[in-house]
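Proteins come first, then strands; the chains are lettered A, B, ... in the order of their sequence lines, and each starts at number 1. Note that the coordinates shown come from a computational prediction; the quantities given were computed from them, not determined experimentally.
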Amino acid sequence: MTVRTRFAPSPTGYLHIGGVWAALFAWLYARRHGGQFLLRIEDTDTKRTIPGALESLMTSLRWFGIEWDEGPDVGGPYGPYIQTQRKELYQKWANWLIEHEYAYKCFATPEELAEMRAALEAKGDRSGYDRRYRDLPAEKVAELEAAGREYVVRFKMPLEGQTAVPDLLRGDVMFDNSQFTDYVLLKSNGLPTYHLAHVVDDHFMEITHITRGVEWLNTAPIHVNLFKAFGWEMPVFVHLPVILNPSGKGKLSKRHQAFTEDGTEILVRADEFMEGGYLPKAVLNFLANIGWTFGDDVEKFTMAEAIERFDLATVSPAPTKLPYSKLDWLNGQYIQEMEPLELAKAVRPYLEAAGLEVNVEALLLVMPPMRVRLKRFTDAIDFLRFLGEESPLPASATALTHKQLPLESAVAAFREAHTLLAELQPFTLEEISAKLMAIGEKHTTSGKAGPFLGQMRLAVTGQQVSPPLFESVLALGRARVVERLDQILALFEETAPTAGDHHQ
RNA sequence: GCCCCGUUCGUCUAGUGGCCUAGGACGUAGCCCUCUCAAGGCUAAAACAGGGGUUCGAGUCCCCUACGGGGCACCA
């Protein structure tokens with residue numbers, strides 16, 4: 001039997017990172033076994049569907065490279081893959097259940113239900129329904145129907161005994177049937193609830209492994225009994241653990257505080273990872289390490305490699321928090337492997353979004369040393385600001401001195417650097433580096449270039465932190481550097497007009 | 001309140017009765033390297049929630065407690 005898994009989100013908003021994780025595991029498992037992975041849209045709560053959510057969801061999934069073999073847009077032999085378009089199917093099987101006495105029509109009005117709930121709760125019963133329409137005589141049912149009364153279809157849960165939910169990660173989980181009531185399968189608007197829809201769909205779509213969050217474990221007995229009533233073979237249940245909020249309590253939710261107390265940023269929506277400057281393969285690698293281990297103490301691997309050994313059975317049932325700092329590390333590792341051109345292309349949109357116009361050649365020149373410095377593409381913004389916009393001049397010339405580079409030496413060194421860079425031939429990294437180094441060693445009291453290079457960086461880029469000086473100079477280009485040094489020398493003039501030579 | 005699940009370094013995890021003086025990774029700290037920032041190398045601190053069993057032997061099996069999480073809709 002070919003393995004068939006599915007990801008079945010509701011189009012109620014942006015894709016959640018936990019959803020990506022669940023989809024990834026289902027996808028990996030299907031790929032591992034050469035089966036199919038499908039995308040199904042559970043939009044039976046029409047009040048909650050948000051226009052555009054479906055598209056955004058598919059865009060996100062595709063950005064990650066999680067491709068479905070069957071789904072709303074690609075079609076497939078078991079479609080349609082959008083539940084509201086399968087309404088008749090659910091109604092047909094709801095009727096089948098009624099005919100075979102596994103379900104019944106319940107005519108309770110909202111008011112009636114509210115009263116019932118209150119009365120039940122007063123007795124400490126939170127089930128919300130007392131099964132009062134379960135055994136209504138056929139004539140009475142016909143009568144109410146003839147009167148045009150609205151109704152829902154409820155499932156006849158077993159009144160006693162236990163239901164075992166066979167869970168791949170936990171074994172048989174036992175539930176007393178007495179704690180359940182008769183749940184709604186078909187709403188009064190004719191649309192199914194999750195319970196009916198997913199059972200019907202998973203059966204007809206021939207899903208072999210139901211992967212879903214643990215929040216479904218408690219209602220799984222309904223599903224198990226439904227499969228039994230229909231006489232359908234039960235898929236394997238895999239209840240995936242929740243992903244917890246690292247900043248506080250509870251599960252990771254879309255309404256969250258953006259940072260934890262130690263200052264790490266909490267990303268939740270799939271698109272936040274895209275905009276945050278992460279590589280999809282890094283995020284996927286990161287997620288694959290949550291609840292599952294590649295093995296051999298290996299933490300960095302491709303999805304192709306993961307597919308070779310992925311197994312749902314070894315997924316941990318324990319809830320976890322996302323270790324975001326590990327994502328940054330992984331992303332940095334992948335960035336280090338990028339070709340300069342590739343990196344330049346990846347980084348540019350982020351610079352532009354930050355309002356920095358940087359030409360590709362300049363960007364390319366500075367990419368080799370930048371590879372090792374970026375955790376996310378967005379990190380490039382602060383590093384390369386000087387390339388994209390006029391950087392502020394130091395407040396005064398003293399800012400360009402150093403205890404090993406007093407004012408007079410600084411003036412002399414900057415003058416020399418100015419002359420040098422204005423004329424240097426060829427204007428290459430090797431030349432710039434050798435000559436600037438020499439200037440530094442010559443003027444510094446310690447004879448080390450370091451202090452001068454640091455001040456030179458500040459002078460040229462206006463930044464305390466930048467890519468290595470020589471690459472920065474190269475990327476800025478002779479013209480801009482010389483112009484910049486003109487301004488720097490003027491600054492020295494203001495501060496110490498008598499320093500250096502004597503034109504005034 | 002009732003029911004269900006879970007619990008190894010700060011975090012993600014390895015571990016399926018002896019190979020565990022508990023391994024890896026991120027993060028943290030120190031040192032080296034160094035033009036800033038990084039990267040890289042080396043080193044360090046850091047965990048079996050607690051209590052009872054079972055067993056020659058328990059992180060590994062069982063029970064209880066504690067803690068964490070989830071669920072109890074005509075929402076999924």
Side-chain angles (χ1 to χ4, degrees), chain A residues 8-10 12 42-45 47-48 106 108 110 113 117 121 124-129 150-154 165 167 169-170 173-176 178-181 183-195 197-198 212-221 239 241-242 244 246 249-251 262 264 286 289-300 316-330 332-333 336 369-375 379 382-383 433 436-437 440 448-458 461 463-470 472:
Chain A
S10 297
T12 53
E42 312 218 322
D43 60 345
T44 55
D45 185 358
K47 290 183 295 296
R48 291 205 311 159
C106 165
L113 235 27
R117 174 174 305 278
E121 244 167 70
D125 180 346
R126 308 216 340 196
S127 68
Y129 184 65
E150 281 198 338
Y151 63 85
V152 299
V153 176
R154 286 184 186 266
V165 175
D167 181 84
L169 312 184
R170 293 160 252 259
V173 181
M174 305 302 297
F175 294 87
D176 281 334
S178 60
Q179 66 179 278
F180 299 106
T181 185
Y183 297 98
V184 173
L185 297 179
L186 206 62
K187 303 183 249 188
S188 56
N189 66 3
L191 283 168
T193 58
Y194 172 87
H195 307 306
H198 111 272
R212 38 144 68 154
V214 254
E215 60 266 28
W216 293 110
L217 186 53
N218 288 283
T219 46
H239 291 98
V242 275
L244 304 175
K249 309 215 172 230
K251 56 180 168 180
D262 68 349
T264 56
F286 164 71
N289 277 316
I290 302 302
W292 180 70
T293 341
F294 185 80
D296 303 332
D297 286 337
V298 171
E299 312 240 353
K300 178 170 173 285
S316 159
T320 93
K321 301 172 187 172
L322 293 181
Y324 287 97
S325 64
K326 225 165 177 170
L327 170 61
D328 281 350
W329 169 75
L330 263 176
Q333 294 294 308
Q336 286 193 41
M370 282 309 290
R371 282 191 286 200
V372 109
R373 274 159 251 259
L374 302 179
K375 296 266 198 245
D379 293 341
D382 285 340
F383 268 106
S433 133
L436 245 25
M437 206 69 145
K448 291 189 174 167
F452 167 67
L453 296 176
Q455 298 317 84
M456 182 75 178
R457 167 195 328 286
L458 185 60
T461 68
Q463 299 176 190
Q464 210 72 249
V465 172
S466 83
L469 214 219
F470 313 133
S472 297

Hey, does the side chain of [X] come within less than 4.0 Å of [N]'s phosphate (OP1/OP2), counting only N and O?
X: A/Q333; N: B/rA38; result: no
X: A/K251; N: B/rG71; result: yes
X: A/K321; N: B/rG10; result: no

Separation of [X] atom [atom1] from [N] atom [atom2], in whole Å?
X: A/N218; N: B/rG71; atom1: CG; atom2: C1'; value: 4 Å
X: A/L217; N: B/rG6; atom1: CG; atom2: P; value: 9 Å
X: A/R212; N: B/rG70; atom1: CZ; atom2: P; value: 17 Å

Which atoms of nucleotides 28-35 of chain B (N or O only) lie under 3.5 Å from a protein N or O atom, and what are those distances?
unit_1	atom_1	unit_2	atom_2	d
B/rC35	O2'	A/R457	NH2	3.2
B/rC35	O2	A/R457	NH2	2.5
B/rC35	N3	A/L469	N	3.3

First encountered from the 5' end of RNA chain B, between A/A8 and A/S127: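 Going by which nucleotide is closer to the 5' end, it is A/S127.
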Along RNA chain B (nearest heavy atom to each residue), the more 5'-positioned of A/L322 and A/V184: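 Nearest-nucleotide comparison on RNA chain B picks A/L322.
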Qualifying residues under salt bridge (charged side-chain N to carboxylate O under 4.0 Å, His left out), relative to A/D382, sequence neighbours excluded: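 Salt bridge (charged side-chain N to carboxylate O under 4.0 Å, His left out) list for A/D382, sorted by chain: A/R385.
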Complement of B/rC35, any strand, by Watson-Crick or G-U distances under 3.5 angstrom: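 Answer to the pairing question: none, since B/rC35 forms no Watson-Crick or G-U pair.
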Main-chain N/O of A/E299 paired to A/N289 side chain as donor or acceptor, under 3.5 Å: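 Indeed, once roles are kept as given, a pair shorter than 3.5 Å links the two residues.
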Given B/rC75, B/rC3, B/rC5, the nucleotide with the shortest approach to the side chain of A/R170: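 Minimum distance to the A/R170 side chain belongs to B/rC5.
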Minimum-distance nucleotide (side-chain atoms of A/E299 versus B/rA76, B/rG24, B/rC26):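 Closest nucleotide among those given: B/rG24.
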Close N or O pairs between protein and nucleotides 20-23 of chain B (under 3.5 Å):
none

